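Encoded as structure tokens, the structure appears first; notes follow it.
Since the model is a prediction, treat every value here as computed from it, not as a measurement. Throughout, a chain's letter reflects where its sequence line sits, starting with A, and its residues are numbered from 1. Any value given below was found using the heavy atoms of this structure, including those in side chains, with hydrogens, waters and symmetry copies removed.
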Number of protein chains: 2
Amino acid sequence: MPSKLFVSAQEVAERAGVSRSAVSRTFTPGASVSADTRRRVLEAAEALGYHVNHLARGLMRNESGIVCLIVSDVATPYRSALLRELTIQLQNAGKVAMFVNTDRSDGSVDRALQQAIRYRADASIILSGLPDKSITQLCLRSGQRLVLINRDDDQPGPLKINLDDYESGGRIATAFVRAGCKTLAFANSEAGTPSLMGRERGFIAAATKLGLEVVVERYGSTGYEAGRVLAQRMLTRAERPDGVFCATDLLACGFMDAARHQFGLSIPDQLCVAGFDDIEQASWSSFNLTTFAQPVMAIATQAVKWLATGGNEDEPEEAHSVRLKAELIWRGSIRKG
Amino acid sequence: MPSKLFVSAQEVAERAGVSRSAVSRTFTPGASVSADTRRRVLEAAEALGYHVNHLARGLMRNESGIVCLIVSDVATPYRSALLRELTIQLQNAGKVAMFVNTDRSDGSVDRALQQAIRYRADASIILSGLPDKSITQLCLRSGQRLVLINRDDDQPGPLKINLDDYESGGRIATAFVRAGCKTLAFANSEAGTPSLMGRERGFIAAATKLGLEVVVERYGSTGYEAGRVLAQRMLTRAERPDGVFCATDLLACGFMDAARHQFGLSIPDQLCVAGFDDIEQASWSSFNLTTFAQPVMAIATQAVKWLATGGNEDEPEEAHSVRLKAELIWRGSIRKG
DNA sequence: GTCGCGCTTGCAAGCGCGTGCAAAGCGAAC
DNA sequence: GTTCGCTTTGCACGCGCTTGCAAGCGCGAC
């Protein structure tokens with residue numbers, strides 16, 4: 001318990017020889033203060049090291065300026081990239097990011113949202129997991145905005161930002177066929193989130209339409225290790241696939257490493273690989289991975305814009321949903337058709 | 001401006017038929033409430049969806065529960081790993097993490113600290129950059145704890161957590177010599193932070209003592225691309241180094257990729273490489289990098305412990321400084337001696 | 001029956017701030 | 001000099017909460 005030593009508006013007022021209201025108004029954009037008063041207040045504030053107490057301000061204004069970011073696996077390249085973009089844009093919008101880490105345990109997201117409520121966050125952005133419907137309702141009733149990124153929930157109210165996962169799956173299938181691949185495969189994790197499943201379904205559908213079957217394997221998380229295991233499973237099959245779409249770049253990295261170092265395969269000559277996310281490592285020359293770029297910046301922009309505009313309650317539900325396009329980044333892990 | 005719809009203690013009190021104080025006490029650990037009252041309050045709170053307003057609580061208690069994390073380059077593997085560990089441990093300690101992104105611009109860290117002050121953060125943890133002395137003082141005067149990680153500042157007051165960078169440099173020099181390396185080099189960035197320079201100096205000192213000279217190059221940031229450039233510069237020298245210590249793993253990854261794919265060198269046969277940080281990618285089979293592990297967990301533990309114990313003002317200044325050991329992780333990028 | 005003790009409970013003050021309201025100040029217009 | 005209109009200023013209240021204080025209550029001991 002720190003002794004209360006933060007300097008308050010009262011002290012500034014006394015030093016500047018004005019009323020406390022004058023101090024308050026000086027730090028409230030748009031309030032009516034004469035140039036002279038403002039100057040004296042600012043001088044006193046500077047000298048004393050005064051900074052407006054946003055806790056108290058939030059109490060009055062009923063608007064804390066806090067936005068809660070709810071996310072698991074922060075240390076993952078894609079997640080941390082998105083996080084970075086979000087925090088930067090939030091800062092530029094005058095908000096401050098509060099950060100809650102979730103694990104995969106039940107109710108973890110719910111607890112995170114309760115934390116957001118306790119701090120009266122203006123909004124919460126959910127990058128992982130799905131909250132319980134009741135708590136979502138509580139948030140919305142409390143006037144808290146909600147953004148779901150790649151979550152694909154059907155509750156009305158939150159802003160939902162999604163990608164064209166299904167179509168991307170289709171696009172890459174075509175690319176594999178053009179490259180002359182005969183045996184396609186999809187390497188997925190067991191997570192089974194809507195985005196991952198969308199890619200899978202789109203890939204299978206397009207391949208089928210093109211007259212090719214797709215082998216699907218699902219294992220573990222969306223990380224590097226799972227990619228290695230998937231490679232072991234797939235590359236030992238009687239009919240070895242020669243075109244593999246991995247649900248994420250990390251899976252692809254693990255897959256490629258195993259394919260090359262354990263199976264001695266050459267990419268893209270003997271095996272074509274594609275990923276999804278366009279994490280930094282995808283561009284490293286060890287991988288040189290053809291992949292889909294998550295429009296991280298656009299996602300963040302959309303999310304922050306929604307918070308800023310204060311999105312009307314009465315606008316049509318369609319307005320609460322945004323679909324962005326994942327851009328295909330062509331590198332060297334698929335043969336040129 | 002959300003209409004005030006958060007439910008307050010008052011409403012809970014009315015519904016439960018008790019006074020507002022009773023509600024407050026129910027949610028204050030250690031306060032005196034009868035089992036019966038507590039039960040009725042909890043029921044009412046549950047029904048109404050009440051959550052204590054931590055903004056108001058912070059105002060009274062003069063303790064917000066907020067800890068501010070100040071960091072640049074969040075999307076970098078090492079940073080995000082540390083961040084992850086910190087947020088998890090903070091959460092377990094009942095704190096909540098507030099997140100401020102800094103760029104490399106002047107005063108960026110100072111602005112971040114001001115943000116921390118505005119929200120009356122109980123503490124700030126600085127992972128990047130260095131604050132101005134005046135603002136550090138202001139923080140301390142205001143009763144805010146400060147933690148500097150790998151920052152090596154000499155101001156008294158903050159807790160300083162550092163590694164044995166110098167000694168690590170020495171250890172790896174020995175390893176190179178044992179592996180039979182004849183021409184050593186140190187690949188550094190231009191950042192020139194104390195930790196990077198410590199590794200450099202320790203490496204040079206040990207190598208010199210062992211009778212070897214060290215070529216030093218510094219370029220760019222601590223990232224992959226800089227590693228590539230450094231490889232280009234170093235591997236085209238007349239006397240090509242055969243043992244290279246890279247200041248960070250990312251540099252090492254870039255260096256290795258260039259060495260293999262551009263110069264056709266085989267690692268560790270023709271070239272030994274070591275890094276620092278032990279980021280996840282270091283363990284990938286494409287790199288299989290011998291490196292030093294940052295004791296991320298221990299760093300976080302130390303930082304959080306310091307916040308919890310409320311560190312006495314009057315304890316000796318030495319207690320404000322912690323030195324941790326980086327563990328050498330032996331993989332395959334250095335020949336066995 | 002009375003007293004005293006310990007646990008509960010309500011009252012009220014106050015944390016630092018924003019803001020409506022009315023009084024004050026000031027200059028221009030007549 | 002008076003009036004009008006606009007800007008600036010201070011007062012006082014309230015945001016939702018914690019907490020010291022004193023009153024209330026139940027109960028066993030005498």
Please state how far atom [atom1] in [X] lies from atom [atom2] in [N], giving the value in whole angstrom units.
X	N	atom1	atom2	answer
A:Tyr119	D:dC17	OH	P	14 Å
A:Glu63	C:dT19	CD	P	10 Å
A:Gln10	D:dA12	CD	C1'	13 Å
B:Asp36	C:dT9	CG	C1'	13 Å
B:Phe6	D:dC15	CZ	P	16 Å
A:Glu14	D:dG10	CD	C1'	15 Å

(message) Once hydrogens and angles are ignored, does a donor-acceptor distance under 3.5 Å link the base of D:dC15 to the side chain of B:Ser8?
(response) no
(message) On the side chain of A:Arg25, is there an atom forming a donor-acceptor pair with the base of D:dG10 - under 3.5 Å, no angle test?
(response) yes
(message) Tell me whether the count of non-hydrogen atoms from other residues, nucleotides or ligands lying under 6.0 Å of CZ in B:Arg151 goes above 12.
(response) yes
(request) Scan residues 39-60 of chain B against DNA chain C and write down, sorted by residue number, each residue with any heavy atom closer than 4.0 Å; if none is found, say none. (result) B:Leu59, B:Met60
(request) Could you pull out all residues at least two apart from A:Ser105 that satisfy side-chain contact (heavy atoms from CB on, under 4.5 Å)? (result) A:Asp103, A:Ser108, A:Arg111
(request) Indicate, with yes or no, if the rings of A:Tyr50 and A:Phe6 have centres closer together than 6.0 Å. (result) no
Using atom names, set out every protein N or O paired with an N or O of nucleotides 23-25 of chain C below 3.5 Å, distance rounded to 0.1 Å.
none

(request) Estimate the overall bend of the helix from C:dG1-D:dC30 to C:dC30-D:dG1 from the end axes over five pairs each, rounded to 10 degrees. (result) 50°
(message) Give me each pair satisfying salt bridge (charged side-chain N to carboxylate O under 4.0 Å, His left out) with a member in residues 28-40 of chain B, each pair once, sequence neighbours excluded.
(response) B:Asp36-B:Arg39, B:Asp36-B:Arg40, B:Arg39-B:Glu43
(message) Taking 4.0 Å as the cut-off, does a side-chain nitrogen or oxygen of A:Ser24 come that near to OP1 or OP2 on C:dG18?
(response) yes
Anything under 3.5 Å between a protein N or O and an N or O of nucleotides 5-8 of chain D, put it in a table, one pair a line.
unit_1	atom_1	unit_2	atom_2	d
D:dT8	OP2	A:Ser32	OG	3.1

(message) Nearest heavy atom decides the nucleotide; on that basis, is B:Arg120 or B:Ala22 closer to the 5' end of DNA chain C?
(response) B:Ala22
